[in-house]
Amino acid sequence: MTQPTAIRRVPDAFRPFRVLDACCCIGGGTEGYRRAFGPGCHITGVDIEPQPDYRGDDFHQGDAIAFILAHGHEFDFIHISPPCQGEGAPTKGTNKARNAAIGRTYPHLIGPARAALQTTGRPYVIENVPGSEVRKDIRLCGEQFGLGVLMHRYFELGRWTTPQPIHPRHRGRVRGWRHGEYHEGPYVAAYGKGGGKASVEEIRTAKGIDWSTDHLRLREALPPAYTAWMGAAYLATLTPRLGVAA
């Protein structure tokens, strides 16, 4: 069977398939989409902070939502991973009182991101953590790809859909301290420092990211395997329109 390529679906067959990775960090998501869409794609990253290790073709430092509103319609596919620090269960539960006491706040950008994406008319993905208000269309886990992290993430799909893949049983625990007890396990904790949490090299190996040694950015980055799966799933929805024959 001929492998479908993203470049065929655009009106001008000679221009690349244009992907926007918003809130891109070092480009873990970018690398996955590149693997899925192949050499016929051009990926632009946008992030509020400088990202010298960014993996894509172009990078713009600035507000991701403002960029989507201004330029989103110029792309063929859009992914955004809004900041998750204020979205997870610990921030909304266990740490809520402490954060309030010290005046710590986090941005909540999922709603504004969704509204901006809907103005573009383009297919999109919003990725975030369990406990967030992102719609739970797809759940991915590192065990699905044989990775050394669990890192459950949810994906909201806009203007396209695909079935939920099987979620395999975990092989054990995440290594490290929990409630005063140390556990061994096949997965590393790719967040924070100390308490048995992963080193830079362990995170690089566990997530499949080999182009950065920035500990903080590695912790924040999405494993490329997740968006490689997402991109391949999107391409599969285009196959009838691409006229791909067996």
How about [X] and [Y]: do any of their side-chain heavy atoms sit closer than 4.5 Å?
{"X": "Pro223", "Y": "Met151", "value": "yes"}
{"X": "Arg122", "Y": "Leu20", "value": "no"}
{"X": "Pro123", "Y": "Asp76", "value": "no"}
{"X": "Ile138", "Y": "Tyr154", "value": "no"}
{"X": "Ser132", "Y": "Ile110", "value": "yes"}
{"X": "Thr227", "Y": "Tyr33", "value": "yes"}
{"X": "Lys207", "Y": "Leu147", "value": "no"}
{"X": "Val125", "Y": "Trp160", "value": "yes"}

Step-by-step side-chain contact (heavy atoms from CB on, under 4.5 Å) determination, Thr44 to Phe75: CA-CA 9 Å; Thr44 298; Phe75 295 86; 3.7 Å; yes
Show your working on salt bridge (charged side-chain N to carboxylate O under 4.0 Å, His left out) between Arg153 and Glu127 and close with a plain yes or no. CA-CA 7 Å; Arg153 291 295 183 269; Glu127 174 270 327; 3.4 Å; yes
Check for me, please, whether [X] and [Y] land in the same ILVMFWY cluster - side-chain distances under 4.5 Å, paths through other members count.
{"X": "Ile203", "Y": "Val200", "result": "yes"}
{"X": "Val19", "Y": "Trp229", "result": "yes"}
{"X": "Met230", "Y": "Ile26", "result": "no"}
{"X": "Ile43", "Y": "Phe59", "result": "yes"}

Other members of the hydrophobic cluster containing Trp177, with the 4.5 Å side-chain heavy-atom rule, please.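 Via sub-4.5 Å side-chain contacts, Trp177 links to Tyr182.
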Are [X] and [Y] close enough for a salt bridge, meaning some N to O gap below 4.0 Å?
{"X": "Glu49", "Y": "Arg217", "answer": "yes"}
{"X": "Arg34", "Y": "Asp57", "answer": "yes"}
{"X": "Asp214", "Y": "Arg219", "answer": "no"}
{"X": "Glu181", "Y": "Arg173", "answer": "no"}

Give a yes or no on whether the backbone of Cys25 and the side-chain of Asp47 come within a donor-acceptor separation of less than 3.5 Å. yes
Determine whether a donor-acceptor pair (N or O, by modelled atom type, separation under 3.5 Å) exists between the side chain of Asp137 and the backbone of Leu157.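 Pair found, side chain donor or acceptor close to backbone of Leu157.
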Looking only at side chains, do [X] and [Y] share a donor and an acceptor under 3.5 Å apart?
{"X": "Tyr234", "Y": "Thr162", "value": "no"}
{"X": "His79", "Y": "Tyr124", "value": "no"}
{"X": "Arg139", "Y": "His167", "value": "yes"}
{"X": "Asp58", "Y": "His42", "value": "yes"}

Could you list the donor-acceptor pairs under 3.5 angstrom formed by side chains in residues 64-73, with sequence neighbours left out?
unit_1 : atom_1 : unit_2 : atom_2 : d
His71  : ND1    : Glu74  : OE2    : 3.1

Derivation and outcome, side-chain contact (heavy atoms from CB on, under 4.5 Å), residues Leu140 and Phe145: CA-CA 9 Å; Leu140 296 182; Phe145 308 103; 4.3 Å; yes
List the steps, then state whether salt bridge (charged side-chain N to carboxylate O under 4.0 Å, His left out) holds for Arg175 with Glu202. CA-CA 12 Å; Arg175 187 197 73 197; Glu202 286 175 325; 2.9 Å; yes
Worked verdict on Glu31 versus Trp211 for side-chain contact (heavy atoms from CB on, under 4.5 Å): CA-CA 10 Å; Glu31 174 62 19; Trp211 63 89; 3.6 Å; yes
Could you give the side-chain donor-acceptor pairs of residues 187-198 under 3.5 Å, partners two or more places apart or in another chain?
unit_1 : atom_1 : unit_2 : atom_2 : d
Tyr187 : OH     : Glu143 : OE1    : 2.7
Tyr187 : OH     : Arg171 : N      : 2.8

Derivation and outcome, side-chain contact (heavy atoms from CB on, under 4.5 Å), residues Leu150 and His152: CA-CA 6 Å; Leu150 287 179; His152 293 96; 4.3 Å; yes
